[in-house]
**Student:** 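Got a structure for you, written out below as structure tokens; questions coming shortly.
Small disclaimer: the values here were computed from a predicted structure and weren't measured.
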Amino acid sequence: MEYIRALRSDEQHPFDLLLLADPEMEVVRSYIDRSQCFVMERDQDIIGVYALLPTRPQTMELVNIAVAEQEQGKGYGRQLALHAIVTAASLGYKTIEVGTGNSSLMQLGLYQKCGFRIVGIDLDFFTRHYSEPIYDDNGMQCRDMVRLQMDL
């Protein structure tokens with residue numbers, strides 16, 4: 001049985017998973033210590049993770065969400081995203097945001113199915129902020145960040 005819990009202060013961040021969603025360690029390190037991190041466990045193994053970062057008054061951003069590669073396609077990403085939404089609302093935030101790459105079609109669909117709405121595009125975000133080009137499984141380059149948000 002899977003369950004989601006806050007990462008304890010005495011635990012290491014699951015960088016192997018975090019780097020699946022954000023492939024540059026320097027970028028992950030820039031936000032992870034300021035974030036609230038939650039993990040999905042099954043049989044004491046961490047199979048998913050998400051991180052929430054307060055960005056502005058009453059606004060929290062879902063800055064990272066990832067599921068172990070062998071566990072993808074089983075609905076765990078949706079469970080994590082919905083848990084993040086409920087968590088942000090329970091902490092008193094009024095808005096939750098998320099950004100994803102233009103080539104991340106599955107993630108764009110997931111976020112919209114969870115109730116997020118596209119609010120903007122940050123052109124060339126990934127080419128400006130990452131040292132190496134990022135490509136999806138189909139060879140499409142990830143260039144722009146699609147910004148989505150939801151009122152809580």
**Student:** Tell me whether the count of non-hydrogen atoms from other residues, nucleotides or ligands lying under 6.0 Å of NZ in K94 goes above 12.
**Tutor:** no
**Student:** Using the rule that Ile, Leu, Val, Met, Phe, Trp and Tyr join whenever any side-chain heavy atoms are under 4.5 Å apart, tell me whether F126 and M140 fall into a single cluster.
**Tutor:** no
**Student:** Same cluster for Y130 and M25 if Ile/Leu/Val/Met/Phe/Trp/Tyr side chains link at under 4.5 Å?
**Tutor:** yes
**Student:** Considering non-hydrogen atoms only, spot the tightest contact between L108 and G101 and give its length.
**Tutor:** CD1-O, 4.2 Å
**Student:** Atom CG in D16, atom CD in E69: separation rounded to 0.5 Å?
**Tutor:** 10.0 Å
**Student:** In Å, rounded to the nearest 0.5 Å, how long is the span from OG of S103 to CG of N138?
**Tutor:** 9.0 Å
**Student:** Which residue, V28, D33, V39, forms the side chain to side chain contact (heavy atoms under 4.5 Å, CB included) with H13?
**Tutor:** D33
**Student:** Please find the pair of heavy atoms, one from A88 and one from L152, that lie closest to each other, and give the distance.
**Tutor:** CB-CD1, 3.8 Å
**Student:** What distance separates Y50 OH from I85 CD1, expressed to the nearest 0.5 Å?
**Tutor:** 9.5 Å
**Student:** Any chain of hydrophobic side-chain contacts (each under 4.5 Å) joining V27 to F15?
**Tutor:** yes
**Student:** Please report the shortest heavy-atom distance between E24 and L19, naming the atom on each side.
**Tutor:** C-CD2, 3.9 Å
**Student:** A side-chain contact here means heavy atoms from C-beta on lying under 4.5 Å apart; do T95 and Q58 qualify?
**Tutor:** no
**Student:** Indicate if L53 and M145 have the same hydrophobic cluster label, given that clusters are the connected sets of ILVMFWY residues with side-chain heavy-atom separations under 4.5 angstrom.
**Tutor:** yes
**Student:** I'd like to know if the side chain of R78 and the backbone of K74 have a donor-acceptor N/O pair within less than 3.5 Å.
**Tutor:** no
**Student:** Could you go through Q36 and M60, starting from their C-alpha distance and side-chain angles, then the distance that decides it, and tell me whether this counts as side-chain contact (heavy atoms from CB on, under 4.5 Å)?
**Tutor:** CA-CA 10 Å; Q36 295 180 41; M60 189 164 257; 3.9 Å; yes
**Student:** Check each of L80, L17, I4 against V49 using the side chain to side chain contact (heavy atoms under 4.5 Å, CB included) test, and report the only one that passes.
**Tutor:** L17
**Student:** Q107 versus I65: any side-chain heavy-atom pair under 4.5 Å?
**Tutor:** no
**Student:** Show every salt bridge (Lys or Arg N to Asp or Glu O under 4.0 Å) that has at least one partner inside residues 38-65, sequence neighbours left out.
**Tutor:** E2-R42, R5-E41, R42-E71, R56-E97, E61-R147
**Student:** In Å, rounded to the nearest 0.5 Å, how long is the span from OH of Y111 to CD1 of I96?
**Tutor:** 10.0 Å
**Student:** Please determine whether side-chain contact (heavy atoms from CB on, under 4.5 Å) holds for the pair Q70 and I47, giving the CA-CA distance in whole Å, both sets of side-chain angles, and the decisive distance to 0.1 Å.
**Tutor:** CA-CA 9 Å; Q70 69 273 15; I47 61 169; 5.7 Å; no
**Student:** Which pair of non-hydrogen atoms, one from T100 and one from S104, has the smallest distance, and what is that distance?
**Tutor:** OG1-CB, 3.4 Å
**Student:** Report yes or no: does R128 contribute a side-chain atom to a donor-acceptor pair with the main-chain N or O of L123 at less than 3.5 Å?
**Tutor:** yes
**Student:** Quick one, D144 and D122 - any side-chain contact, counting heavy atoms below 4.5 Å?
**Tutor:** no
**Student:** Look up atom CG in D151 and atom OG1 in T59, then write down how far apart they are to the nearest 0.5 Å.
**Tutor:** 9.0 Å
**Student:** Would you compute the distance between atom CD1 of I46 and atom CD of Q12 and round it to the nearest 0.5 angstrom?
**Tutor:** 10.5 Å
**Student:** May I have the step-by-step check of side-chain contact (heavy atoms from CB on, under 4.5 Å) for V146 and I118, ending in yes or no?
**Tutor:** CA-CA 7 Å; V146 181; I118 295 172; 4.0 Å; yes
**Student:** Do L52 and Y76 sit in one hydrophobic cluster, given that two such residues count as connected whenever their side-chain heavy atoms are within less than 4.5 Å of each other, even indirectly?
**Tutor:** yes
**Student:** Which atom pair, heavy atoms only, marks the closest approach of L82 to C114?
**Tutor:** CD2-SG, 3.9 Å
**Student:** Considering only heavy atoms from C-beta outward, does the side chain of T127 approach that of Q141 to under 4.5 Å?
**Tutor:** yes
**Student:** I need the minimum non-hydrogen distance between I32 and A51, along with the two atoms involved.
**Tutor:** CD1-CB, 3.9 Å
